[in-house]
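A short worksheet on the structure shown next.
Protein chains get the first letters and strands the later ones, always in sequence-line order, with residue 1 at the start of each.
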2 protein chains.
Amino acid sequence: MPSRTPSAPRAGRPRSAAADAAILEATRAALVELGWSKLTLGDVASRAGVAKTTLYRRWAGKNELVVDAVAVLFDELELPDRGSLAADIEGVVLQFAALLDRPEAKTALMAVVAESTRDEPLRERIRTSIVERQKRLVLEGRSRAQARGELPLEQDPAAAARTADLIFDVVAGAVVHRTLVSAEPVDEEWATRFTRLLIGGLAGD
Amino acid sequence: MPSRTPSAPRAGRPRSAAADAAILEATRAALVELGWSKLTLGDVASRAGVAKTTLYRRWAGKNELVVDAVAVLFDELELPDRGSLAADIEGVVLQFAALLDRPEAKTALMAVVAESTRDEPLRERIRTSIVERQKRLVLEGRSRAQARGELPLEQDPAAAARTADLIFDVVAGAVVHRTLVSAEPVDEEWATRFTRLLIGGLAGD
DNA sequence: CAGTTACGCTACGACTCGTATCGAAATCCG
DNA sequence: CGGATTTCGATACGAGTCGTAGCGTAACTG
């Protein structure tokens, strides 16, 4: 979102919410067609039917714009209760994989992560608007599994948080790596094998 | 490497190998200072003491150049025998993490992966010159563990290959995600926790 | 109404891109 | 040695993008 909080009603002409939506939509479309490196802000502006100046008034640059344009896609993820820990993991893996199949998502996500390695504020923006919000899925899945008796209750809340972070990195990292680096499909068969590995480990089974 | 195979000794002045080395070194240095998006080929050329024309004669563009500049870094990875499967995994995780701590490695790797989502030849170049070469670590670790009796011998070679790919995606993906997305350190404590999860699974322990 | 802010539009200098051209340097072959 | 061949450094070029500035108009507040 643009930086200004809309909670302070100030004088003057308000910013057009429709322009915001059109710009973010145009950004996603341009990402699909052009990819990251060839995406220009001038092109986005003309696609959105908006002056280039308007774009620069609201976003500092390409990075910030793309983060906002893609962040909303990740809010679609859900974790319906499928009755078992394994089924829940498979479900979220397949959902995440479907999201990463969308060209605008995979292109934008990797590009902004790459830029964030040299840009601390950008990394923080990514963390708060994308990554941190999805850890809810891990927490929800674990609490369900504990309620079913599939996982033990953890006493130390700090240790529990570290474990949740670990699992999040393993699940998200594996799916991203499989999709973008290995460039192999995350289908049901892979999800099943991954889930079995995650639950039972190398030694298990 | 530049596309021409040096095995065909042809007439004329040969390409300077020193220029190659200087360009790749300059590329890594520029990546550290400028990051991906602000890296320009003209800047690389002047750092390397080389004409911009020379650069374009050998590489098609920024993507290909950066892949070559970074690929060599990944060949440093080794897998010394630490006596147990768990110790071997911890060792390779920490080595990979140390590699990703180098700014030129993390910046370049993510950037070229992002570009490769819209560029099939580039993805293939990444696969052959970086990814596929490192799967040797997984294969070696598994064969050692099997020799120690820590892992069962697999009969079906196709299934064994799929398992190796899965483990590779899980290990590499988790380390990359932890380092670049979560932006948390991969230290010994995390490596230990990850290894225990990988071997024993969620249910284990 | 006056005051304030966002808007579309145009224009600008600075920079980068990738290519073309040129004469000089380095190597192979006869 | 001398001619052919290829790369080299240097320079210049049109095209495209960047981010900003200026201007008159539109929308909203009090």
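For Thr53(B) and dA10(D), a side-chain-to-base donor-acceptor distance below 3.5 Å is present, hydrogens and geometry of angles not being considered. Judged by distance alone, with hydrogens and angles left aside, Lys52(A) brings no side-chain donor or acceptor close enough to the base of dG8(C) to form a pair under 3.5 Å. Scanning atom types as modelled, no donor and acceptor separated by under 3.5 angstrom connect the side chain of Arg13(B) and the base of dT27(C). Contact of Arg57(A) with dA6(C) (side chain to base): no donor-acceptor pair of N or O atoms is detected under 3.5 Å.
Rounded to whole Å, the distance from CG on Leu55(B) to P on dT7(D) is 15 Å. Between the CD atom of Glu64(B) and the P atom of dG18(C) there is a distance of 10 Å, given to the nearest Å. If you measure from atom CG of Asn63(A) to atom P of dG19(D), you get 10 Å, rounded to the nearest angstrom. If you measure from atom CG of Leu41(A) to atom P of dG8(C), you get 15 Å, rounded to the nearest angstrom. One atom, OH of Tyr56(A), and another, C1' of dA21(D), lie 14 Å apart when rounded to the nearest Å. Atom CD1 in Ile23(A) sits roughly 12 Å away from atom C1' in dA6(C) (whole-Å rounding).
With respect to the salt-bridge test (charged N to carboxylate O, under 4.0 angstrom), the residues Asp68(A) and Arg125(A) qualify. Asp43(A) has a carboxylate O that lies under 4.0 Å from a charged side-chain N of Arg47(A), or vice versa, which qualifies the two as a salt bridge.
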Please table the atom pairs, donor to acceptor, closer than 3.5 Å between any side-chain atom in residues 71-79 of chain B and protein atoms at least two apart or in another chain.
residue, atom, partner, partner atom, Å
Asp75(B), OD1, Arg133(B), NH2, 2.9
Asp75(B), OD2, Arg133(B), NH2, 2.5

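In this structure, Arg15(A) reaches the dA6(C) phosphate: one of its side-chain N or O atoms is under 4.0 Å from OP1 or OP2.
Across Leu39(A) and Thr27(A), no two heavy atoms sit closer than the pair CD1-O, 4.0 Å.
Looking at which nucleotide of DNA chain D each of Ser16(B) and Pro14(A) is closest to, the 5′-most match is held by Ser16(B).
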